[in-house]
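Here the structure comes first, spelled out in structure tokens, and everything after it is commentary.
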Amino acid sequence: MTHRIIIEEYHKLLELYGPQGWWPLGGEYHPGRYDLPQSANQRFEICVGAILTQNTAWKSVEKALTNLRKAELIQPLSLQRIADDNLKEAIRPAGYFNRKCVYLKTFAEFFVGQNDSPPNRAELLKLRGIGPETADSMLLYGWQQPWFVVDTYTRRLFSSAGIITMQDSYQQIQHRFHSALEPLFQSKCRIRVYQEYHALIVQHAKLHRPGVAGSLTQPH
DNA sequence: AGCCAGGCTACCG
DNA sequence: CGGTAGCATGGC
């Protein structure tokens with residue numbers, strides 16, 4: 001049963017690495033805290049990071065975030081009105097700066113038109129530059145909504161564990177995780193588990209570069 | 001010197 | 001619908 005493997009691997013990874021403290025804010029992780037974000041700007045920072053990290057190492061994203069922070073651009077209103085060239089210069093270290101400039105401005109405009117309540121997932125997906133993983137990262141870490149984040153690491157690790165294949169759709173894989181974990185936890189706990197699980201998968205993947213067999217079912 | 005990074009869009013058959 | 005080139009920079 002694939003549910004059993006999903007549940008077991010969560011506990012193995014948690015035992016291996018401990019709580020990860022995602023999503024990082026202000027350049028730091030915060031293991032054990034689940035009361036973040038505490039402001040609209042912190043929520044916005046999570047969303048900006050989610051866009052910048054698309055196919056990009058977090059180390060590079062941190063440089064871009066540092067530049068944005070210095071320029072006081074991690075606020076929707078100021079990011080919205082900064083000149084494109086200045087924004088591109090700030091986010092240059094994170095790559096794809098022409099695209100990400102558009103993505104960030106589009107999202108900033110959306111964000112200022114919102115109140116604090118969580119946006120609809122379908123609404124996020126309509127925005128240019130926001131696909132399923134980015135939307136779910138925003139919803140899970142920014143708005144505490146129960147959407148499991150599926151990234152390439154998740155695909156890699158769990159296809160090597162034999163419970164999915166690389167070409168399964170995002171929705172398909174996400175549904176596996178939802179149906180495995182949903183019955184076990186009440187809503188508040190479920191959010192934390194989704195948050196920790198994805199963070200643990202990324203942490204594990206960082207320590208086992210591609211090419212290195214990283215089968216979760218094998219003892220190390 | 002390459003390959004890869006916490007994806008997505010646009011366009012192809 | 002599934003498959004893929006292009007996007008850009010920096011780290012290892």
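A, B, ... follow the sequence lines: proteins, then strands. Residue 1 opens every chain. Heavy atoms only: backbone and side chains are in, while hydrogens, waters and symmetry mates are out.
- With rounding to whole Å, Met166(A) atom CE is found 11 Å from dG7(B) atom P.
- dG3(C) and dG6(B) have their C1' atoms separated by 23 Å, with the value rounded to a whole Å.
- Side-chain N/O atoms of Thr152(A) include none lying less than 4.0 angstrom from OP1 or OP2 on dA5(B).
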N/O-N/O pairs, protein side and nucleotides 2-6 of chain C side, under 3.5 Å:
from	atom 1	to	atom 2	distance (Å)
dG6(C)	N2	Arg99(A)	NH1	2.7
dG6(C)	N2	Arg99(A)	NH2	3.3

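- When the P atom is compared between dG2(B) and dA8(C), the two are found 23 Å apart, to the nearest whole Å.
- Each of Tyr153(A) and Lys126(A) lies near DNA chain B, and the nucleotide nearest Tyr153(A) is the one positioned closer to the 5' end.
- Nearest-nucleotide positions on DNA chain B place Asp151(A) closer to the 5' end than the other of Leu127(A) and Asp151(A).
- Residues Val112(A) and Leu87(A) are members of separate hydrophobic clusters, defined by side-chain heavy-atom contacts under 4.5 angstrom among Ile, Leu, Val, Met, Phe, Trp and Tyr.
- For the pair Arg190(A) and Phe185(A), the cation-pi criterion (under 6.0 Å, within 45° of the ring axis) is not fulfilled.
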So which protein N/O to nucleotides 10-12 of chain C N/O distances come out below 3.5 Å?
from	atom 1	to	atom 2	distance (Å)
dG11(C)	OP1	Lys63(A)	NZ	2.1

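- Atoms CD (Glu45(A)) and C1' (dG6(B)) sit 15 Å apart, rounded to a whole Å.
- Rounded to a whole angstrom, the distance from the C1' atom of dG6(C) to that of dC4(B) is 16 Å.
- Here Leu52(A) lies out of heavy-atom contact (under 4.0 Å) with every strand.
- Phe97(A) does not qualify as a stacking partner of the dA8(C) base, lacking a centre-to-centre distance under 5.5 Å together with planes within 30°.
- Note on Lys206(A): a base of the nucleic acid sits closer than 4.0 angstrom, heavy atoms only.
- Between Glu15(A) and Lys12(A) no salt bridge is recorded (no basic side-chain N to carboxylate O distance below 4.0 Å).
- Of the residues Arg121(A), His198(A), Gln145(A), the one that meets the side-chain hydrogen bond (donor to acceptor under 3.5 Å, both in side chains) test with Asp136(A) is Arg121(A).
- Using atom C1' as the reference point in both dT9(B) and dG10(C), the two lie 23 Å apart (nearest Å).
- The distance from the CG atom of Leu79(A) to the CD atom of Glu72(A) is 12.5 Å, given to the nearest 0.5 Å.
- dT9(C) atom C1' lies 15 Å from atom CD of Gln54(A), rounded to whole Å.
- Using the six-membered ring where Trp is involved, Phe148(A) and His178(A) have ring planes that are perpendicular, over 60° apart on the 30 and 60° scheme.
- Proximity note for Tyr96(A) (side chain, C-beta onward) versus dC8(B), dT9(C), dC7(C): the nearest is dC7(C).
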Between Arg4(A) and Glu8(A), is a salt bridge (charged side-chain N to carboxylate O under 4.0 Å, His left out) present by the stated rule, with each step listed? CA-CA 6 Å; Arg4(A) 185 183 58 79; Glu8(A) 285 181 3; 2.9 Å; yes
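- Counting only N and O atoms by type, the side chains of His3(A) and Ser179(A) include a donor and acceptor under 3.5 Å apart.
- Following rounding to the nearest Å, Lys88(A) (NZ) and dT9(C) (C1') show an atom-to-atom distance of 15 Å.
- Atoms CD (Glu196(A)) and P (dG6(B)) sit 18 Å apart, rounded to a whole Å.
- Between the P atom of dT9(C) and the CG atom of Asn67(A) lies a distance of 14 Å, rounded to the nearest Å.
- With no hydrogens or angles considered, no side-chain donor-acceptor pair links Ser39(A) and Asn41(A) at under 3.5 Å.
- Here dG7(B) presents its P atom at 10 Å from OH of Tyr170(A), a figure rounded to the nearest Å.
- Applying the 5.5 angstrom centroid cut-off and the 30 degree plane-angle cut-off, the aromatic ring of Trp22(A) is stacked upon the base of dG6(B).
- Counting any heavy atom pair closer than 4.0 Å across all strands shown, Tyr29(A) reaches a base atom.
- Ile191(A) has its side chain within reach of Pro146(A): a pair of non-hydrogen atoms, C-beta onward, lies under 4.5 Å apart.
- For Tyr96(A) and Tyr103(A), the ring centers sit 6.0 Å or farther from each other.
- If you check every strand for non-hydrogen atoms under 4.0 Å, Ile51(A) touches nothing.
- Here Asn98(A) reaches the OP1 or OP2 of dA8(C): one of its side-chain N or O atoms lies under 4.0 Å away.
- The listed nucleotides are dA5(B), dG6(B), dA8(C); the one nearest the side chain of Arg156(A) is dA5(B).
- The partner of dG2(C) is dC12(B), by the rule that a Watson-Crick or G-U pair needs both atom distances under 3.5 Å.
- One interatomic measurement links the two molecules: OH of Tyr197(A) to C1' of dG6(B), which rounds to 16 Å at whole-angstrom precision.
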